[in-house]
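Per chain, numbering begins at 1; letters A, B, ... match sequence-line order.
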2 protein chains.
Amino acid sequence: MANPTACLLIIGNEVLSGRTQDANLKFLATRLGELGIPLREVRVIPDVRQTIIDTVNEVRARFDHVFTTGGIGPTHDDITAECIAAAFGVPWEPQPEAWALLATHYAGREPPAEFNPARQRMATMPRGATLIDNPVSVAPGFTIGNVHVMAGVPRIMQAMFDGLAPRLAGGVPVQSRAVHALGMMEGQLAQGLAAIQARFPDTDIGSYPFYRPEGNGVALVAKGIDPALLDQAAAEMAALIGSLGFIPVEGEPG
Amino acid sequence: MANPTACLLIIGNEVLSGRTQDANLKFLATRLGELGIPLREVRVIPDVRQTIIDTVNEVRARFDHVFTTGGIGPTHDDITAECIAAAFGVPWEPQPEAWALLATHYAGREPPAEFNPARQRMATMPRGATLIDNPVSVAPGFTIGNVHVMAGVPRIMQAMFDGLAPRLAGGVPVQSRAVHALGMMEGQLAQGLAAIQARFPDTDIGSYPFYRPEGNGVALVAKGIDPALLDQAAAEMAALIGSLGFIPVEGEPG
């Protein structure tokens, strides 16, 4: 059976304007690969209501899982939750569990803080949402259908994902084997590498030049779900490198 | 007149698998904002022929400019150019200028290198493409219609964009003003900030919590194309921070 697929929506003007360097894509891509839910597409979209609604509805129909980051705080530009409700055609309303969590949290501060309307927004969710725990800053994410809504701050998102991961029905982990060589150029190996790709159609073989102080070169990477096939592909990639007169080194360049 | 809009397609399995941290989005977002061609959407898509064709055709109809990064090297997984040709419904064929450039380049190497079929792929482009100069590693990018096709390696992409930028019909530069305060929390300022956003509908006002060794706090950022409006919005944001008992500091946290 094929692995389930994932799409990531990064929601936020701050990424599109260049203010903020996204740090969530690489983390989620890696973790989802390990869970056998490979990431197939990422979209970065602005805090614009209709764009969020349309995009969520498009991708939740096309992928098994949709993960969103960003837009679930208390300020006016945090509109992800209400847009997800609109996308699912359900009310956006107080979520009792989240409401109790946050009311207790603000009352327990030293000095106590007001659980004001802005903070109440963080406990307002699409009807039917189940919570994703936030061990860092309390305000939870949520899952509705196949859409998992998480914070944009990397430390909080990562903690949320750690709690969510065991609830995801995963597939066969995606593994990789890398071989690299200094001094080698892509134009030399392309023909041989295409032949290896043709012999391993279920393995995804990529070629990545690198430019480092210790020297330039190329890394060859095989990805897939069958470790025996990956080992064979890696052996062929190493043999190709050797046949071109370079020294194959296991793994990515350091 | 409204500013022209931009979409970025990051093409490459290596970004979706988590192998490679994208470094092109932030650079292009910043530079495009300065040119008055704000980035409105980014998609990261795999090296899959039909996905590239469909995505290019969708976004080139929706945005004024489309920029792509990745997939223009000599190896089998570099399929961007042929997919762009298919998207435009034109032949993928040798581009005489690029062919001459690369033939000369490889012949002039010490020792001379073969201008082999893999390297010839880098001089094969959609009919009607005009070149984007590559001062780093010779093999050019290209523009066809409103689609600008660049390398994925950040150093090369940036050099290509520097050459391309003067040819883009830009708009009014997007500027920003930031004010931040240590100790402040979003839940305290949300109501006041929403009121400022309502008074400045043409300015995009965002709130970004930060977590730093020197202390936590919130940065407020106003973005737009009218410097006078931005100054007024920034003054109101500073006044809001002061009214809440915190010290407003100009700019982003250091």
In terms of heavy-atom pairs under 4.5 Å, which option from A:L25, A:I45, A:I205, A:L28 contacts chain B the most? A:I205

In this structure, OG of A:S17 is separated from CG of B:L32 (nearest 0.5 Å) by 11.5 Å

Using a 4.5 Å cut-off on heavy atoms from C-beta on, say whether the side chain of B:E14 contacts that of A:K223. no

Select one option (side chain, backbone, both, neither) describing which atoms of B:M122 are under 4.5 Å from chain A's heavy atoms. neither

Please classify the contact of B:E114 with chain A as side chain, backbone, both or neither, using a heavy-atom distance under 4.5 Å. neither

Only pairs of heavy atoms separated by less than 4.5 Å count here; which of B:A194, B:P38, B:A118 has the most with chain A? B:A194

Tell me the closest heavy-atom pair linking B:G187 and A:N116, and the distance in Å. O-ND2, 2.8 Å

Whatever's closer than 4.5 Å to a heavy atom in chain A on B:R155 counts as side chain

Under 4.5 Å from any heavy atom of chain A - which part of B:L189: side chain

Where does B:D22 contact chain A at under 4.5 Å (heavy atoms): side chain, backbone, both or neither? backbone

Using only atom types and a distance under 3.5 Å, with no angle test, would you say the side chain of A:H76 pairs donor to acceptor with the backbone of B:I196? no

Checking B:L16 against chain A: side chain, backbone, both or neither under 4.5 Å from a heavy atom? both

Hey, could you give me the NZ/CD distance between B:K26 and A:Q21, rounded to the nearest 0.5 Å? 6.5 Å

Is it the side chain or the backbone of A:V174 that comes within 4.5 Å of chain B heavy atoms, both, or neither? neither

Sort B:V48 into side chain, backbone, both or neither according to what part of it lies under 4.5 angstrom from a heavy atom of chain A. neither

Below 4.5 Å, heavy atoms only, C-beta onward: do A:E252 and B:R19 meet side chain to side chain? yes

Would you please test B:Y211 and A:I156 for side chain to side chain contact (heavy atoms under 4.5 Å, CB included) and show each step? CA-CA 11 Å; B:Y211 306 88; A:I156 302 175; 4.1 Å; yes

Heavy-atom distance under 4.5 Å to chain A: side chain of B:Q197, backbone, both or neither? side chain

Option that, when pairs with chain A are counted at under 4.5 Å, heavy atom only, ranks first among B:R31, B:M185, B:R121: B:M185

Nearest heavy-atom contact between B:A190 and A:P74 is CB-O, 3.4 Å

Give a yes or no on this: more than 12 heavy atoms of other residues, nucleotides or ligands lie within 6.0 Å of atom CD of B:Q191. no

Measuring heavy-atom distances to chain A, does B:T20 have an atom under 4.5 Å in its side chain, in its backbone, in both, or in neither? backbone

So, taking the atom named CG in A:L193 and the one named OG1 in B:T75, what distance separates them when rounded to the nearest 0.5 Å? 6.5 Å

Ion pair present between A:E186 and B:R119, side-chain N to carboxylate O less than 4.0 angstrom? no

Sidechain-backbone polar pair: B:D77 side chain, A:S207 backbone, donor-acceptor under 3.5 Å: yes

Heavy-atom pair of closest approach, residues A:A29 and B:G18: CB-N, 3.4 Å

